[in-house]
Amino acid sequence: MRLPRLLGSHLSAAGGLVEAVARSQPAQCAALQVFTRNQHQWRGRPLSADEIAAWRQALRWRGWNDGRARVISHASYLINIASPSAEARSRSIRALREELERCEALGIGGAVLHPGAHLGQRPPERRQALGAAPTTDEAAGIARAIDSLDAVHAALPGVRARTLLETTVGAGTTLGGIFAHLSRIANGVREPERIGFCIDSCHVTAAGYDMSTDESAARVMEELVRVCGLARVGAVHFNDSVGACGSHRDRHAHIGEGTCGAACFRAILCAKELADVPMILETPKGGGLDGHEWDRRNLNLLRALEQPA
Ligand SMILES: [Zn+2]
Ligand SMILES: [Zn+2]
């Protein structure tokens with residue numbers, strides 16, 4: 001029998017990390033993404049032994065000690081491992097190291113990370129050339145990202161928590177708008193098994209990968225398999241896109257209210273290699289008596305697409 005997909009949401013850890021696990025029940029989530037610390041600050045408070053014990057107890061209470069890895073974290077938005085500034089890079093390395101240490105303590109298997117921005121020359125518009133080779137500045141940013149990740153790994157021998165490089169909308173000088181950026185970074189580090197990928201449906205669409213029809217979605221999935229492989233995908237973000245395909249706009253819409261199209265969600269949901277990968281909503285919350293009405297609605301729409309047509 002096929003197990004249902006691990007569909008869930010990014011939930012607030014206000015009041016303590018265990019509150020995010022508690023909120024996953026009314027939100028009807030089978031998976032969870034959290035910020036293990038304030039995502040807009042550089043330093044996080046270290047976790048106490050009591051917090052770690054309470055977290056593990058909450059997972060047991062939720063029945064999430066069944067061997068399926070349901071929880072991922074999202075690293076701070078301040079981190080830029082591809083920055084040309086040595087100081088920014090060293091702060092980023094320290095912040096990512098601390099994030100992976102927190103994940104390890106909590107038994108979280110992966111931290112989603114944006115691959116960073118090279119801050120050099122903006123690349124040419126490449127909606128029609130997503131397979132294009134990286135520009136000189138992109139290649140330099142990729143090399144710096146590789147060095148940064150090697151430094152993080154060297155400082156954390158034996159840590160199992162992986163860094164999950166996320167696809168981005170490719171705005172400005174950010175890396176990750178084309179799949180090849182992610183694979184070049186992952187293949188360039190000394191310990192590639194410590195890197196995974198996070199596929200974001202909104203970002204992929206806004207970057208210019210059209211997945212709105214079954215045919216175009218199948219082509220993009222083939223490209224993803226060819227360039228990155230699905231075995232290394234450790235997380236999915238399910239967001240619809242406010243911006244059009246190729247707009248490079250990072251604005252998340254509720255499922256079915258954006259430009260991704262049902263075919264996009266279906267293609268990712270039904271990939272059998274992703275059966276045990278947390279699939280996380282990062283859509284607006286708002287409304288509803290308990291604040292979870294939108295999550296329940298969006299998850300229900302995704303579950304309906306999961307059924308064979
Ligand atoms: Zn995302
Ligand atoms: Zn986004």
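In each ligand, atom 1 is the first atom listed, and ligand 1 is the first ligand listed.
- For D250, the nearest N, O or S atom to the Zn ion (ligand 2) falls under 2.8 Å.
- Aromatic ring centres of H114 and H74 lie closer together than 6.0 Å.
- Nearest heavy-atom pair, A111 versus L100, reported as atom, atom and distance to 0.1 Å: CB-CD2, 4.1 Å.
- In the displayed structure, E191 atom CD is contacted under 6.0 Å by more than 12 heavy atoms of other residues, nucleotides or ligands.
- One of the N, O or S atoms belonging to H237 lies under 2.8 Å away from the Zn ion (ligand 1).
- Vertex the Zn ion (ligand 2); arms to H203 NE2 and H252 NE2; angle rounded to 10 degrees, 110°.
- Per residue D200, closest N, O or S atom to the Zn ion (ligand 1): atom name OD2.
- Judged purely by distance below 3.5 Å, without hydrogens or angles, the side chains of D200 and T167 never pair a donor atom with an acceptor atom.
- Remark: at the Zn ion (ligand 1), atom OE1 from E282 and atom OE2 from E166 enclose 170°, rounded to the nearest 10 degrees.
- Between H252 and H10, the gap from one ring centroid to the other reaches at least 6.0 Å.
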